[in-house]
Amino acid sequence: MPQPFPIISQQKQPQAWAITPDSHALAELAKGIWDCAVQTNQRPLVVLSTAGPLIGLRAALEQNRPKHLPSHIAFLPQVISFADWLEAAPSAWKFPKKQTDLERWLSVFVNLRKHKVLQSWFKAESESGAWGLAQAVIDACDSLSEVVVPQLQSELNDLLQTHTLDTEAWLKKVELVLDQAIAKAYIGLSRNVVDEESAVLLTFWRYLTSIGDPVIRKHLAMASHMQLVKANAEKDRDTVRPFLWVQTADPKPIEQELIDSYLCDYAQFASVVRVDLDWQSVALWPEALCGLDVEGHIAVANTQEESQIDSNIQANRQDDWRLLAARRFEELAWAATKSVESYLIAGKKNIALVAQDRLAARRARALLSRLGNSLRIRDETGWKLSTTRAAAALDSWLEVVRAPKEGPSASALLEFLQNPYFDLSHSLNQSSEVGVGLIAQLEDILIASQAKAGWETFTMAIERANSYAATNGGSPNAHLITLIQFVRKLHAGWLPPTVDCSSAYALLQKNLQETGMAQRLEKDAAGKQLLEVLNSFDLSGGIYQDVKMRLPEWLSLLKTVIEEAAYAEAGKEAQATLSILPLSSTRLRQFDAVVLVGCDEQQLPAFSEPPLFFSDTLNRYLKSSTIAAQYIQQARDLSQLLVSCNNVDLLWQSKSKSGEPLRPSAWIQRLQTKLKDWRVIDAKPETVQGQSQPIQMSVSIPDQDLAIPVTVSPSAYKALRDCPYRYYVTSLLGLRKAKEFEEGFDASLAGQTLHALLKTFFQALKTEEEKSHSPIHQGYEARRQWMIDHLMKCSEKEFERLIAGDARVMGTLRDWQKQIPSLIDWQIKREDAGWRYHDAELPIGFTLSLTDPDGVQREIRIAGRADRFDIQESDSTAAAVIDYKNQKMKKIADRAENILDDPQLLIYARAANENPIAAHLPGRTVEQAEWITLKAELDKGEDKNIRAHAVEDMPNAMAQFSEQIVKDLNGLWARKPMQAFAPDSVCQYCEARGVCRKGMW
Ligand code: SF4
């Protein structure tokens, strides 16, 4: 039976009333509030301890408004949450400035610097861990302040009464009182604290507590409200409004004391009613009915209470409470989605998804998003701002900022440049056409040259690509270098290892402006909120503006603050609303249906992370929240939810990740023992049957409209030989996998450098030979030494820039330098046989003419760049082609066995022979071709003796190759089926594998 609203008495004491927290709770409460208004003939002030039921209560007040009210009380009574009421305190302008979370973290940081005793604590922490610990320290200090500050209440009251206009002087006085109280309390508390950890925390508390803390402000606000009440009562007692305090959740003992004392004081001037929740007919478990005993333990129910619970269960049992067990995570999310869908189909408009299992709720949300705009999803569990695209974009810039002075990794750079908020044309101050394809081009270059990290490396890669384009009929793109320089300049601003808070903030804002990100973020909902969070870093004018810290510390602070921020989704009109919320947020709220996901024994009840510093016993002493109190609160919340709503689905995963069976929550099991017919339904996904066709080996016939390239490089021809389907995918369709940068040094750019330095060296050798007094003419040893010294120096010089870009390249240089003496020995031996270096890095090719099936004459150019040509001194018609390979001899031997599938050397030989002038070899014929390893295994004796591998039986190989290439290209132009076949060794690294689906057939 609901209790009637009390008759307001004149006794100067708070009166008590209780409402039953079932589906009629808000209506009952609203009627009581109106009753109070009518009885006192005044508009009451209603303060709710939590904000959740505010909107529902206002609506209930409107619906239950009595008829024929006198006009001065006809307005809706003022209903406000406790937090808002504190904010609305009179003379709040006088209060000390509210400290932001950021300022409080910084105060921990500053105190750490000042007090050695505290530093040992943070030593082992990483930057982000340290900020997390700072948050825990602040929370713990607040708990301590909660216990101590009430003792100051009368002093605070007195201080507020002094009508001084000098706010500064007033604040000083408040500060003094606080300091004295802390000093006194510190001695008392330290007697209760035995372990070192808590002792250090107390020290923190002593240093950190300031008048800007929320606890102090709360007390000041309450004192200020009381002062106004007193002042009004002195003028005219009847102007003081009746006060209703609605306790929507069990308070912490310390909060209970605080509000009780406020209500007692208020009752001296006007009527006060304290509204609690009456669990008598709602509790479904004894703990929900009995609560805690005086010592803070869970009270044991007597027989009468036990039978009350039994009757509550029977009376409140609803046919539409469903128990659904799913075996796997995906099935659980699917079942939750289906539950929500079924309620939507049944016409429910206001549905709750209680996220006891947050991951499953998130997954269900994703599945439900396919319902589009007809369902509005409100996530009250706190969607983190850090998970938005805007935050990821900022993060990509911070990754560049934290890079060492040599520069960021290529992936970090590309990630930043490819973020949708980066405005390329704004950054380069160019028209938007200039930017088209620029970043894709940069990505191509960095991937192709495997330029992995460092500004110098990127610049080198671009310069090489540009010069290649310039000499091969392409167009070099100067904007690529400008882009790198632009980002490099911004990065240079972050090179000093320490920053002060205000200039770091200013620099970050400047970066966002210069890159056009600020403007784009401003146009985006999440971006706007992100910019607001960043604005909290504007500490200019505050005491922390000059605080200095290491750059990683500042960046980590920035990330921690963003991580803490929640993203508020913009609301939109829809046919139905789904609220995703924690169990605690369902209190005194009405829903048409509720889906509770995660009701297994591990997640229901769920306890908040235990405080880092206090034991449960110490918490009890500090009158803070305990595990027992949380347990009871959740039993009550769940009772309330089940009793208030007819349609409740309770879902859980019946098998844990490790395959162990998971039972439903003990609360559900206990209900099941009382409700024998309440069965668990197995939530199984619907199975749809169909016949599938096994996939056959992939074959494609090139479409008539598909252009066939008229130039073929040696590597493209190799791809065609290896697997026609692969050639079809990569060369004809032009599909390319977005490559990740591999760990380890960028082999390709190093390979290019080796080729370049060998060319420089041999050209220098040629010039040196023309000097008659050069040491190279002074015998074998002198020549050898000159060559070694010179190649060493040449290598140092060529690698210099690469090393500036990425210091790890030093290892590659040293490995290469170990190869030099043996390479020179091989070279000298070759010279002894009459061979002389002639030219290097020469672009050459030949043209094939063929007629396609339509009768059209096609000219196909087979072209590449030969590493080196040698000439024979003793035979004025002989020449040789050499290819440097940065791989071991074993691989070269394998290559030689399949020369017709990888005929790079044969292509160069034919090109030189068909056009000796273009190859700078007039009158000579290439009859010899060799691969030279630049990576001989010296310790295995692979030195001067086995550094080269010659192509065997050249004339025959050349003839076979010429016949084969004509056949292959004719097939290609005839658009014959291109089949996927290749040995596994080729398929292993094939980027077309996902298209040909090798392994499925
Ligand atoms: S995975 Fe193998 S069969 Fe498939 S396209 Fe690549 S090379 Fe050919």
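Start at 1 and go down the list; that is how both ligands and their atoms are numbered.
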Just by modelled atom types, is the Phe416 backbone N or O under 3.5 Å from a matching donor or acceptor in the Asn419 side chain?
yes
Show which atoms of ligand 1 fall inside a sub-4.0 Å distance from at least one heavy-atom site of Ala982.
2 (Fe), 7 (S)
Contact atoms of ligand 1, heavy-atom distance to Ala980 under 4.0 Å:
3 (S)
Should the pair Lys818-Asp815 be classified as a salt bridge under the 4.0 Å nitrogen-to-oxygen rule?
yes
Any N, O or S atom of Cys987 closer than 2.8 Å to atom 2 (Fe) of ligand 1:
yes
Please determine if atom 4 (Fe) of ligand 1 has an N/O/S atom from Cys723 lying under 2.8 Å away.
no
Is Cys990 close enough to atom 6 (Fe) of ligand 1 to have an N, O or S atom under 2.8 Å?
yes
Salt-bridge contact Glu456-Arg488 (side-chain N to carboxylate O under 4.0 Å):
yes
Would you please classify the geometry between the Tyr725 ring and the Tyr728 ring as parallel, tilted or perpendicular, with 30° and 60° separating the classes?
tilted
Only heavy atoms of Cys996, strictly under 4.0 Å: list the atoms of ligand 1 that pass.
1 (S), 3 (S), 4 (Fe), 5 (S)
Treating Gln819 as the side-chain partner and Ala936 as the backbone partner, does any N or O pair qualify as donor plus acceptor under 3.5 Å?
yes
